[in-house]
Amino acid sequence: MNKVVTDVAVGGMAARLGDFVASLGPGTIPDRIAARVADCWLNALGVGLASLATPYAQVAQKAASHLSGLRGDCTILASGAKISPSAAAFANAVLLHGRTQEDTLGGTHIGCVVVPVLLALSQSGAARPERMNAALLAAYEVGGLLDAACGRISTGRGNRSTPLYAPVAAAAAAAYAMDLPAERIGAAIALAAGGAGGGGQSFVDGSDDWRYQAGLSAQLALSAVELSAAGAVAAPNALEGHYGLIRAACGSVPEPDFDRLGQDWAIERVAFKAYPVCAYAQSACKAAASLSITRTVARNVASIGIFMNPFEYGLPGIPSPGPFSGMTEAIMSVPFAVAATLIDGAPNMGNLTAGGCDELRDLIRKIQVHPDEAVAPMNCRMYLKTADGPTLFAEAGPNPQEFDLASSLERALRDVSAPAGTLGRLDKALRRQQPDLSAVERVFEEVRSAAMFVHC
């Protein structure tokens, strides 16, 4: 059970996080963690490439162009247009969030927010290149600490973790990348906490609001760090105070385990998604795929029972059998994800956009999801009964050791018909002591120039 803070010290959590972030440096990062940082760069930007065909990136690009005003130094990855840092971070965060395949740390998506922030700082000349990898790591450690303590509580109260905790994490990363002192890193964290927040009603209504929360979070992080650099006075207890972010989101103040920082690295708990659906549907897809049944057998299913952790079962849209009016409802639905895996091999941007074919919808009607206390978080158990055969059983859960990031991204890049070798060139640019973000821009330009994808 989480401890609850009763006596709040002046200086508080933001200052403690600022001190930790300021202590990071090349000599403090083990080799295995440095490799994980490179994986996080690659996943965020690889998913961004595969999201070029999504309509949300185009909407964000239009909005960013109006927000920016004067032409700037920063690139909108979806178009190549030059724009202001804040507007570029907004548009690029929406792009990296576009196919719902970004990384997840608990329930918080860190990479799709912090990578655009660091990219904007790099292109504007505000960040020191040698600090970029440690800056990215800082975001996962700060965001992971907050999500571990608060994420399930705040989500259960209708909040969404990404707009709550990712702006705070990205502000910490940005302040570190700009080489601000510990006090100013803490102030940036507090300023971001003062403006963070976002609900999950979009998933109930089937709207697109949630897709733009990543962009707004990136803008908030940049604003917070610029305010801090300019000397803004921040509330020292912006996170844990009586009127702070955590109590507002959780109703109480669960105390993060600060002893984990720099010891039990949060970045090692980051999960990458194999499928462009909700994080809580990933294990159900894995279980369905492990059955290795043919499309003919899938047509002959009598019933499928799926058992999930009650918390995840209770989230908006998870057990929904449809009908689906749009992609937002489809990506949240475990029945949709399982049916798409059995019929098409996996959920993909095609069947998600269309809401599925008649065959898929018929199968969805045979699927029921049940809450089960015996099922661990992020896991599932599945029983598939065929009309003229035995009942098949499968279970699955997150297992980072089994995940093949390169294969997952190669599959995703097929949606934009990326030229051969695209992923290798992106990986080469990022798996370095100082990521070559100019080379990243060239990779995006190459895929855009191929012009072989059709917007969903």
Worked check of side chain to side chain contact (heavy atoms under 4.5 Å, CB included) between L409 and L42: CA-CA 9 Å; L409 292 176; L42 181 64; 3.8 Å; yes
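- Put simply, the side chain of D205 never gets that close to the backbone of S202: no donor and acceptor are under 3.5 Å apart.
- Looking only at distances, a side-chain donor or acceptor of S333 sits under 3.5 Å from a matching main-chain atom of F336.
- Rounded to the nearest 0.5 angstrom, Y165 OH and L145 CG are separated by 11.0 Å.
- Judged by distance alone, with hydrogens and angles left aside, the side-chain atoms of N309 form a donor-acceptor pair with the main-chain N or O of V375 at under 3.5 Å.
- Among all heavy-atom pairs drawn from R131 and Y176, the shortest one is NE-O, 2.7 Å.
- With a 4.5 Å cut-off on side-chain heavy atoms, L291 and M382 count as touching.
- Here the NE2-CH2 distance, from H97 to W210, works out to 5.0 Å after rounding to the nearest 0.5 Å.
- A249 and R157 make their closest contact through O-NE, 3.0 Å (heavy atoms, listed as atom of the first residue, atom of the second, distance).
- Classified by interplanar angle (parallel below 30°, tilted 30° to 60°, perpendicular above 60°), the ring pair Y56/Y212 is perpendicular.
- The minimum heavy-atom distance between T328 and S207, with the atom names listed, is OG1-O, 3.0 Å.
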Step-by-step side chain to side chain contact (heavy atoms under 4.5 Å, CB included) determination, L423 to L413: CA-CA 8 Å; L423 186 63; L413 289 171; 4.1 Å; yes
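- Judged purely by atom type and a 3.5 angstrom limit, S407 has no side-chain atom pairing as donor or acceptor with the backbone of D404.
- With hydrogens and angles disregarded, no donor-acceptor distance shorter than 3.5 Å links the side chain of Q368 to the backbone of G305.
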Between side-chain atoms of residues 108-123 and protein atoms elsewhere (two or more places apart, or another chain), which donor-acceptor pairs fall under 3.5 Å?
| from | atom 1 | to | atom 2 | distance (Å) |
| --- | --- | --- | --- | --- |
| T108 | OG1 | D147 | OD2 | 2.5 |
| H109 | ND1 | D103 | O | 2.9 |
| Q123 | OE1 | T75 | N | 2.9 |
| Q123 | NE2 | E441 | OE2 | 2.9 |

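- Remark: the backbone N or O of R211 is not paired with any side-chain donor or acceptor of D208 at under 3.5 angstrom.
- When atom types are taken as modelled, the side chain of S217 and the backbone of Q213 share a donor-acceptor pair closer than 3.5 angstrom.
- With sequence neighbours excluded, the residues that form a ring-ring contact (aromatic ring centres under 6.0 Å, His included) with F393 are Y383.
- For residues 369-384, every residue pair satisfying the salt bridge (charged side-chain N to carboxylate O under 4.0 Å, His left out) rule, not counting sequence neighbours, is listed here: R381-E395.
- Residues I267 and C40 have side chains in contact (heavy-atom distance under 4.5 Å, counting atoms from C-beta outward).
- Contact of the F403 side chain with the S408 side chain is registered, since non-hydrogen atoms from C-beta on lie closer than 4.5 Å.
- A distance of 4.5 Å separates CZ in F311 from CZ in R152, rounded to the nearest 0.5 Å.
- Side chain to side chain, Q434 and R432 fail the donor-acceptor criterion of an N or O pair below 3.5 Å.
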Candidate pair N348 and R411, rule side chain to side chain contact (heavy atoms under 4.5 Å, CB included), full reasoning: CA-CA 10 Å; N348 56 58; R411 281 196 306 273; over 6 Å; no
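- Here the straight-line distance linking atom CG of N43 with atom CZ of R36 works out to 9.0 Å at 0.5 Å rounding.
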Using atom types as modelled, flag every donor-acceptor pair under 3.5 Å from a side chain in residues 218-228 to any protein atom, sequence neighbours excluded.
| from | atom 1 | to | atom 2 | distance (Å) |
| --- | --- | --- | --- | --- |
| Q219 | NE2 | S86 | OG | 3.2 |
| S223 | OG | Q219 | O | 3.0 |
| S228 | OG | R184 | O | 2.6 |

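- The side-chain heavy atoms of I331 and P276, taken from C-beta on, include no pair separated by under 4.5 Å.
- In plain terms, the two heavy atoms of S79 and Q61 that are nearest each other are CB-NE2, 3.3 Å.
- For residues 268-279, every residue pair satisfying the salt bridge (charged side-chain N to carboxylate O under 4.0 Å, His left out) rule, not counting sequence neighbours, is listed here: R32-E268, E102-K273, D264-R269.
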Intermediate values then yes/no, side chain to side chain contact (heavy atoms under 4.5 Å, CB included), W41 and L426: CA-CA 10 Å; W41 279 114; L426 186 63; over 6 Å; no
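- Between G18 and I185, the shortest heavy-atom contact is CA-CG2, 3.8 Å.
- Rounding to the nearest 0.5 Å gives a distance of 5.0 Å between CG of L261 and CZ of F20.
- Between the side chain of K366 and the main chain of I304, no donor-acceptor pair closer than 3.5 Å is present.
- T341 approaches A288 most closely through the heavy-atom pair CG2-CB, 3.9 Å.
- Atom CE of residue M308 and atom OG of residue S283 lie 8.0 Å apart, to the nearest 0.5 angstrom.
- Within the structure, salt bridge (charged side-chain N to carboxylate O under 4.0 Å, His left out) pairs that include any residue of residues 320-347 comprise R295-D344 (at least two apart or interchain).
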